[in-house]
Amino acid sequence: MRIVRWPGPPVVVKVKTRGVLTVAVSPALTDREILDLASLVLSGSEYQGFRREIGHTPPASGST
């Protein structure tokens with residue numbers, strides 16, 4: 001997975017080609033907004049990989 005920051009609109013974009021998944025995120029977004037949008041465009045396994053790549057681990061079960 002490749003994650004790039006781009007100066008476009010405040011969105012998260014998924015581009016999948018043969019063997020390469022690229023996720024483009026706008027630096028205008030907060031971390032929470034990036035994660036929320038990524039959860040909409042990525043599959044479950046892609047989203048978990050994305051969280052690992054950017055250093056966000058899921059919250060412990062039962063915490064808010």
> Please give me the minimum heavy-atom distance between A38 and F50, naming the atom from each residue.
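Heavy-atom minimum between the residues: CB-CE2, 3.7 Å.
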
> Please step through side-chain contact (heavy atoms from CB on, under 4.5 Å) for the pair Y47 and L35, ending with a clear verdict.
CA-CA 8 Å; Y47 180 71; L35 291 173; 3.8 Å; yes

> Without placing hydrogens or testing angles, list every side-chain donor-acceptor pair under 3.5 Å for residues 3-20, not counting sequence neighbours.
residue : atom : partner : partner atom : Å
K14     : NZ   : E46     : OE1          : 2.9
K14     : NZ   : E46     : OE2          : 3.4
K16     : NZ   : E46     : OE2          : 3.3

